[in-house]
Amino acid sequence: MLNGMRVVDFSNYLPGPYATMRLAELGAEIIKVESPRGDPARELDVKLDGTGVVFLANNKSKKSVTLDLKNFKDQQLAKRLIASADAVLESFRPGVMKKLGLDYETVRSLNTKLVYCSLTGYGNNGKYHQHGSHDLNYMAISGMLAQLKDRSGKPIHPSQTIADFVGGIAASERILAGLVARGISGEGSYHCISIADVMTSMMGNHFIMNQATGAINGVEILSGSIINYAIYETMDQRYIALGALEKKFWENFCEAIQKREWAVYYYHQTNSDIYQEVKTVFMSKSFQQWIEFSEKVDCCMTPVLEVDELSNFSYFTNRDIIKNENDILLPKLHSDRYDASQCAPPKLGENTNEILSSLSQGK
């Protein structure tokens, strides 16, 4: 879909690289500009064959060019790259690209059709715009973390960097919108994404519900307060998600477990005696038995899977969602579109000569 589109990516770590990897899977040429030391994610935490797993997971199908952006000569090369691009993504703190002479206002004269996106924590102005933060901070300040609490009311520390990924999706969305707008007007544009703002934008239901009722947990029936929309433990200490919000699905469940009389308890609270009875039913079968049940009974039931179970689970194998590429197991980013030529993440600077040579030839 994006064949022929060139995106120059100045981002590091996770949100920006994830954004451009989504564009790469749609066919865009992604030129990842790295310092001579490389994206810090290459050396971050756990490594696989000598490369950080966070880098491997978020940089497939890209080209790597090494430039020292503090060096005037390399700044000029970066400008030539930008002049050749359809879009630019950067994720430095506000003001850094300006100091390097690579901000939108400076480079727009080189390429009036350029779509330029800054992916930031808190935007490029305002009280927090220079505030250092990571995923957990964006989750916290947006109100999202407060929605993930244990029974004692303590926020749960997520093992998934939700804000980073959602911020990356928002950045890729905005770049695509900019490219569409350019197709209409012929003009480029500048965009600044705040990850904190993106996460807060997902709190709309909670804002309105709070205004209407004073509740702070959003739509109550979606928060685990009713028996037909809850998570249940199985005989073997695994968990099953029951999402039978509509009456017909709850009735199908009750019929299948031979508890037709429970149909009247539709939307019953989880602080009731009937909830304890439903919990007992779920404890009467194993995880695998409930999976088999869920595939036969139309009641909105799915297993709570662990990551090491996904690649062999029937849904994913049937749709060929998870791919083994160069001995790296990763999910497709766009499940209905996939290019078999997707390649491994680039070695540091492996495309520098190729790209810079093409620039000298005016390509």
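For this chain, numbers begin at 1 and follow the sequence in order.
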task = For Lys60 and Cys343, work out which heavy atoms get closest and say how close.
result = CB-O, 3.3 Å

task = Check whether any side-chain N or O of Gln75 sits under 3.5 Å from a backbone N or O of Leu69 as a donor-acceptor pair, and report yes or no.
result = yes

request  = Without swapping roles, check the side chain of Glu251 against the backbone of Lys248 for a donor-acceptor pair under 3.5 Å.
outcome  = no

task = Could you walk me through whether Lys98 and Glu105 pass the salt bridge (Lys or Arg N to Asp or Glu O under 4.0 Å) test, one step at a time?
result = CA-CA 8 Å; Lys98 184 175 181 63; Glu105 292 302 321; over 6 Å; no

Parallel, tilted or perpendicular: rings of His131 and Tyr128 (30°, 60°) = tilted

inquiry  = Rounded at 0.5 Å granularity, tell me how far CG in Leu14 sits from CG in Asp135.
reply    = 8.5 Å

request  = First locate atom OG of Ser225, then atom CD of Glu220, and finally report the distance between them rounded to the nearest 0.5 Å.
outcome  = 4.0 Å

ask   = Short question: side chain of His268, backbone of Ile274 - any donor-acceptor pair under 3.5 Å?
value = no

key: Distance-only polar pair, side chains of Thr120 and Arg93, donor-acceptor under 3.5 Å   = no

task = Considering non-hydrogen atoms only, spot the tightest contact between Ala24 and Ser61 and give its length.
result = CB-O, 3.6 Å

inquiry  = Measuring from atom CG of Asn58 to atom CG of Asn12, what distance do you get when rounded to the nearest 0.5 angstrom?
reply    = 12.0 Å

query = Counting distance only, does the side-chain N/O of Gln130 pair as donor-acceptor with the main-chain N or O of Pro94 below 3.5 Å?
reply = yes

query = Going by distance alone, is a donor N or O of one side chain under 3.5 Å from an acceptor N or O of the other, for Gln276 and Asp273?
reply = no

ask   = Please walk me through it: do Lys32 and Asp39 pass salt bridge (Lys or Arg N to Asp or Glu O under 4.0 Å)?
value = CA-CA 9 Å; Lys32 183 177 179 67; Asp39 182 337; 3.0 Å; yes

request  = Measure the spacing between OG of Ser311 and CG of Asn324 and express it to the nearest 0.5 Å.
outcome  = 9.0 Å

message = Assess the residue pair Ile321 and Phe313 against the criterion (side chain to side chain contact (heavy atoms under 4.5 Å, CB included)); give the C-alpha distance rounded to whole Å, side-chain angles, the decisive distance to 0.1 Å, and a yes or no.
response = CA-CA 10 Å; Ile321 299 296; Phe313 190 69; over 6 Å; no

request  = Determine, step by step, whether Lys63 and Glu354 satisfy the salt bridge (Lys or Arg N to Asp or Glu O under 4.0 Å) criterion, reporting the C-alpha distance in whole Å, the side-chain angles of both residues, the deciding distance to 0.1 Å, and the verdict.
outcome  = CA-CA 10 Å; Lys63 296 177 180 179; Glu354 167 201 344; 3.2 Å; yes

message = Using side-chain heavy atoms (C-beta onward) and a distance below 4.5 Å, is Leu245 in contact with Leu222?
response = yes

note = Between Phe253 and the options Tyr266, Phe282, Trp262, the ring pair (Phe, Tyr, Trp, His ring centres under 6.0 Å) test singles out Phe282

request  = Flag the pair Lys47 and Glu43 as a salt bridge only when some basic side-chain nitrogen lies within less than 4.0 angstrom of an acidic carboxylate oxygen.
outcome  = yes

query = So, does Asn252 use its side chain to make a donor-acceptor pair with the main chain of Asp298 at under 3.5 Å?
reply = yes

ask   = Is the closest side-chain heavy-atom distance between Lys323 and Leu329 below 4.5 Å?
value = no

query = Minimum heavy-atom separation for Arg238 to Val304, with atom names?
reply = NH2-O, 3.3 Å

task = Would you check, one step at a time, whether the test side chain to side chain contact (heavy atoms under 4.5 Å, CB included) holds for Gln288 with Met235?
result = CA-CA 10 Å; Gln288 184 58 40; Met235 175 192 294; over 6 Å; no

query = Any side-chain heavy-atom pair from Val166 and Met199 closer than 4.5 angstrom?
reply = yes

request  = Please confirm whether the backbone N or O of Ile30 pairs with a side-chain atom of Asp9, one donor and one acceptor, at under 3.5 Å?
outcome  = no

request  = Mark yes when over 12 heavy atoms from residues, nucleotides or ligands other than His129 sit less than 6.0 Å from its NE2; otherwise mark no.
outcome  = yes

task = List the steps and the verdict of side chain to side chain donor-acceptor pair (under 3.5 Å) for Tyr190 and Ser118.
result = CA-CA 8 Å; Tyr190 176 74; Ser118 296; 2.8 Å; yes

task = Identify the heavy atoms of Ala85 and Leu114 that sit nearest to each other, and give their distance.
result = O-CD1, 3.9 Å

message = Using a 3.5 Å distance criterion without hydrogens, assess whether the side chain of Tyr104 forms a donor-acceptor pair with backbone atoms of Val115.
response = no

Beyond-backbone contact of Met283 with Thr234, side-chain heavy atoms, under 4.5 angstrom = no

query = Does the salt bridge (Lys or Arg N to Asp or Glu O under 4.0 Å) test come out yes or no for Asp68 and Lys73, once each step is laid out?
reply = CA-CA 9 Å; Asp68 181 357; Lys73 180 180 177 182; over 6 Å; no

query = Is a donor on one side and an acceptor on the other found under 3.5 Å between the side chain of Asn59 and the backbone of Phe55?
reply = yes

query = Going through the distances and angles, do Arg80 and Leu359 end up as a side chain to side chain contact (heavy atoms under 4.5 Å, CB included)?
reply = CA-CA 7 Å; Arg80 291 176 64 187; Leu359 289 178; 3.9 Å; yes

message = side chain to side chain contact (heavy atoms under 4.5 Å, CB included) for Glu261 and Cys254? Distances and angles first, verdict last.
response = CA-CA 8 Å; Glu261 67 274 19; Cys254 295; over 6 Å; no

query = Taking atom CG of Leu67 and atom OG1 of Thr352, what is their separation to the nearest 0.5 Å?
reply = 7.0 Å

key: Ser358 side, atom OG; Asn353 side, atom CG - distance, nearest 0.5 Å   = 11.0 Å

inquiry  = Looking at every heavy atom in both Gly224 and Thr270, which two are closest together, and how far apart are they?
reply    = O-OG1, 3.3 Å

ask   = Please walk me through it: do Glu34 and Thr66 pass side chain to side chain donor-acceptor pair (under 3.5 Å)?
value = CA-CA 5 Å; Glu34 301 185 69; Thr66 52; over 6 Å; no

task = Would you check if Asp86 and Ile175 make a side-chain contact, meaning some heavy-atom pair closer than 4.5 Å?
result = no

ask   = So, do Glu25 and Met1 sit near enough that their side-chain heavy atoms are less than 4.5 Å apart?
value = no

query = For the residue pair Val297 and Ala256, what are the closest heavy atoms and their distance?
reply = CG2-CB, 3.6 Å

ask   = Is there a donor-acceptor contact under 3.5 Å from the side chain of Arg182 to the main chain of Lys113?
value = yes

request  = Consider only side-chain heavy atoms of I, L, V, M, F, W and Y, link residues closer than 4.5 Å, and tell whether Val180 and Val88 are in one cluster.
outcome  = no

message = Pair Tyr138, Tyr122 - check ring pair (Phe, Tyr, Trp, His ring centres under 6.0 Å), show working.
response = CA-CA 9 Å; Tyr138 309 131; Tyr122 302 100; 5.5 Å; yes

ask   = Is Met5 close to Glu29 at the side-chain level, that is, under 4.5 Å between some pair of heavy atoms?
value = no

ask   = Would you say the side chain of Leu119 lies within less than 4.5 Å of the side chain of Ile195, judging by non-hydrogen atoms?
value = yes

ask   = Looking only at atom types and distance, does a side-chain atom of Ser142 sit under 3.5 Å from a main-chain N or O of Thr200, one as donor and one as acceptor?
value = no

key: Check against side chain to side chain donor-acceptor pair (under 3.5 Å), His157 and Ser159   = CA-CA 7 Å; His157 191 128; Ser159 61; over 6 Å; no

task = Dump the intermediate steps for side chain to side chain donor-acceptor pair (under 3.5 Å) on Thr106 and Asp103, then the final yes or no.
result = CA-CA 5 Å; Thr106 300; Asp103 59 303; 2.6 Å; yes

